[in-house]
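The next block holds one structure in the form of structure tokens; read it before the comments.
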Amino acid sequence: MKKLIYFLLSLAMINSVHLRADEGMWIPLLLNNYTIADMQKNGLKLTADDIYSINKESIKDAIVIFGSGCTGELVSDQGLLLTNHHCGYEQIQNHSRIDNDYLTNGFWAMSKAEELPNPGLTVKFLVRIEDVTKQALNDIDNSMTQAERNKKIGENIQKLEEDAIKGTHYLASVRPFYYGNEYFLFVYEEFKDVRLVGAPPSSIGKFGGDTDNWMWPRHTGDFSVFRIYANKENKPADYSPVNVPYKPKKFLNVSMKGINEGDFTWVLGYPGGTEQYLTSDAIKLVSELRNPHKIKIRDKRLEIMNSYGDINDTIRIKYASKNARVSNSWKRWIGEINGLKRLDGINKKIEFEKEFTKWAENKPVYNGLLKEFSKNYNDIESYALAYDYWREAVNGIEIIDFAADFENLIEISENQFDSSLVLAEVTKLIKIASDFYKDYDIRVDKDVFKALLPMYFSGVSEDFYPSVYSIIQSEYNGDFTRYVEKLLRETVFNKPEKLDRLLSIFSSDRVGELKNDPVYVLFSSFSEVYKNKVSEKYIALSAKNDSLYNIYMNALREMQPQKKFYPDANFTMRVAYGKVKGYYPKDGVKYLHYTTLEGVIEKDNPAIYDYDIPNRLREIYKQSDYGVYAKDGTVPLCFIATNHTTGGNSGSPVLDANGSLIGLNFDRAWEGIASDMMYDPDFSRNVSLDIRYVLFIIDKYAGAKHLVDEMKVVR
Ligand code: ARG
Ligand code: GLU
């Protein structure tokens, strides 16, 4: 018996060096080397070749980078594409007019002729991946300084990228993996005519807004529909009315079969960035210093924005999108701190590092590495904080951020007054100014200004005080409020007509009016500190960290040869896999793995903006008019699974064992958000929109059944 226990214990220990099946974001090219067998063991009915191949069509051919930070997938042979509502938000907003606000009302093209072009929006298909580690590290040796090394690698990469696309219309990008221990080449085909086909109203697509953001249980219908167009040869082309719907090599089947707890699922998309291999010092810096300060600053901004938004609808609308942006990361940081605390992340890392130190003792390359890390993290602390305060507190004041946009104009006018350059810059600024004023309210910003300015001075060390500080002390007796009032009375940057007049007749002899403007003076005094005292040091110390991680990563892999390491996310295509699974958020509470339309009706409240659903949805509910989308008398809405995902995975397809589309990834659940640094199988869940709700809204709510008919729906 004792023997058996020992045997089981030692098995468990061996296992613990392997990752939990659910953790990881794997490179599609290498599935055969590491994960495919485990995926199949867990239920996948496909081969690695079915997912990624360059010799035949594979599922990767149905996946795109959507815009600059999301994922999308093809669902018809006519280039029809699904992504999240929050990914298409900007396009939907751009087409909106006061009398026809698609954000509020939704938009549905009832024929291809009604689909709306989106200048600037692109999608990229992955053509191929290649391991180019050898070539990228060609002629690199240990005698080189970090700078020499980086320069040489940069040259190697440039050559690789040029060679990869010679004579083609493709794009190429070589990216470092495992902190520069490996390099992979990615070749893409980019399409530039991508049209808006449909979007639900925000009261469905953003249902729950920032209140429910990052949370489970969730009821957000976070999807939008686009279509890729190509020229007659099915090749990428700029927008043209004669372009035709793109015929993809591959599109996904859509499965109506439904989801049960325990079902195998996987995600193929573009996770943006993770930091899985941080040292304890790094976790400490983030969770005990940087995040708390950033949160504190955003607390203030949000408190002010919300206080106005609650009593003034115009302000609420103006600040809706800013509020969402500020609140999204703010909430994630809070969740991260909580998760790392619960996981006892710092101590876990410290324990591991003790083992590491023992292992590294007689290895000259690795010995002392952690000490160097500690020293570097110690050195970086004050710069990191100054950097955060510059970004969050100084640039968080809208009018300062706006004044910063004039830096270029001032520079051009002073140095080489080239009238065509100046004209171009002025034209750009007139547009920037009109966008700025459209969503600007001086009352909000004045309060933010008064709150954030003193926060800067109490947050950073005196070394980072700008020169204006002494003026505020001597001339205003340290009274920030009086100082801000005066600035805002005198500046031109909150006086649209005056600024417009200045810009439209701008000439070099008027540059002083910008340069000596008190808000600009304040900006440049901060900017001087940032440029001369913060950024260079911060960048250098961060680079030093990177070079330490380059060695550390190598060491980790050498130390645990049995463990399968996955590289940190870097916005390249990855496979994540796991199971549909609920969780226990706190003592005595179990969360189910799915939600339904019933929850929308429970939350529905015309008095609360985030929960005020369209009347039409209320009608459909009253009549239970769910058609083929009904399940147990309601409509399935969202579900959660253990797939390891992060920002950038928004819009990614969530697939079943056969590679059919069962959902769209759009978020993660609150309790497990620390997964960017530490994945927790008990809590880390990706949140997806059930594809049946997508079809239900398109068909029953929008009456756009022709789009559902275009898809290949398997029942
Ligand atoms: N949390 C999701 C993500 O990181 C959704 C963000 C958009 N939604 C929102 N309510 N702000 O992107
Ligand atoms: N909403 C995120 C995005 O825009 C995905 C959620 C996450 O961070 O996992 O990519």
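We're numbering straight along the sequence, starting at 1. Order of listing sets the numbers, starting from 1, for every ligand and every atom in it. We use all heavy atoms of the structure for the numbers below, so side chains are in, but hydrogens, waters and symmetry mates are not.
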Exercise. Distance to 0.1 Å, residue and atom name: give those for the protein heavy atom nearest to atom 9 (O) of ligand 2.
Key: Arg668 NE, 2.6 Å
Quiz item: Do you see a donor-acceptor pair shorter than 3.5 Å between the side chains of Tyr594 and Glu261?
Solution: no
Quiz prompt | Distance filter under 4.0 Å to His86 heavy atoms, resulting ligand 2 atoms | solution = 1 (N), 3 (C), 4 (O)
Quiz item: Just heavy atoms, cut-off under 4.0 Å: does Asn649 contact ligand 2 by side chain, backbone, both, or neither?
Solution: backbone
Quiz item: Of all the non-hydrogen atoms in the protein, which one sits nearest to atom 3 (C) of ligand 2, and at what distance?
Solution: Ser650 OG, 2.3 Å
Quiz item: Applying a heavy-atom distance cut-off of 4.0 Å, which protein residues contact ligand 1?
Solution: His86, Lys206, Gly209, Asp210, Asn213, Trp214, Ala324, Asn328, Phe666, Asp667
Self-check item: Any Arg332 heavy atom less than 4.0 Å from ligand 2
Solution: no
Self-check item: Arg574 charged N/C atom sitting above Tyr270 aromatic ring, 6.0 Å / 45°
Solution: no
Practice problem: Flag Trp214 as yes when one of its N or O atoms lies below 3.5 Å from any N or O atom of ligand 2, and as no otherwise. | Solution: no
Quiz item: Would Asp313 and Arg316 pass as an ion pair if we require N to O under 4.0 Å?
Solution: yes
Quiz item: Is the shortest distance from a Lys or Arg side-chain nitrogen in Glu189 or Lys124 to a carboxylate oxygen in the other one below 4.0 Å?
Solution: no
Quiz item: At a non-hydrogen distance cut-off of under 4.0 Å, which region of Tyr270 contacts ligand 2 (side chain, backbone, both, or neither)?
Solution: neither
Quiz item: Taking the six-membered ring for Trp, are Tyr89 and His85 parallel (under 30°), tilted (30 to 60°) or perpendicular (over 60°)?
Solution: perpendicular
Quiz item: Looking at Arg618 and Asp612, does any basic side-chain N land under 4.0 Å from a carboxylate oxygen?
Solution: yes
Practice problem: Could you check atom 6 (C) of ligand 2 against the protein and tell me its nearest heavy-atom contact, residue, atom and distance included? | Solution: Asp667 CA, 3.5 Å
Self-check item: cation_pi(Arg175, Phe186) dist<6.0 Å, angle<=45
Solution: no
Exercise. Would you check the N or O atoms of Gly648, main chain and side chain alike, for any that come under 3.5 Å of an N or O of ligand 2?
Key: yes
Practice problem: Would you please classify the geometry between the Tyr591 ring and the Tyr583 ring as parallel, tilted or perpendicular, with 30° and 60° separating the classes? | Solution: perpendicular
Practice problem: Please say which of Ile400, Ile397, Leu452, Asp401 ends up in a side-chain contact (heavy atoms from CB on, under 4.5 Å) with Asp445. | Solution: Ile397
Quiz item: Any salt bridge between Asp38 and Lys564, counting N to O under 4.0 Å?
Solution: no
Quiz item: Side chains of His644 and Ser684: donor-acceptor distance under 3.5 Å anywhere?
Solution: no
Quiz item: Do any nitrogen or oxygen atoms of Phe666 lie less than 3.5 angstrom from nitrogen or oxygen atoms of ligand 2?
Solution: yes
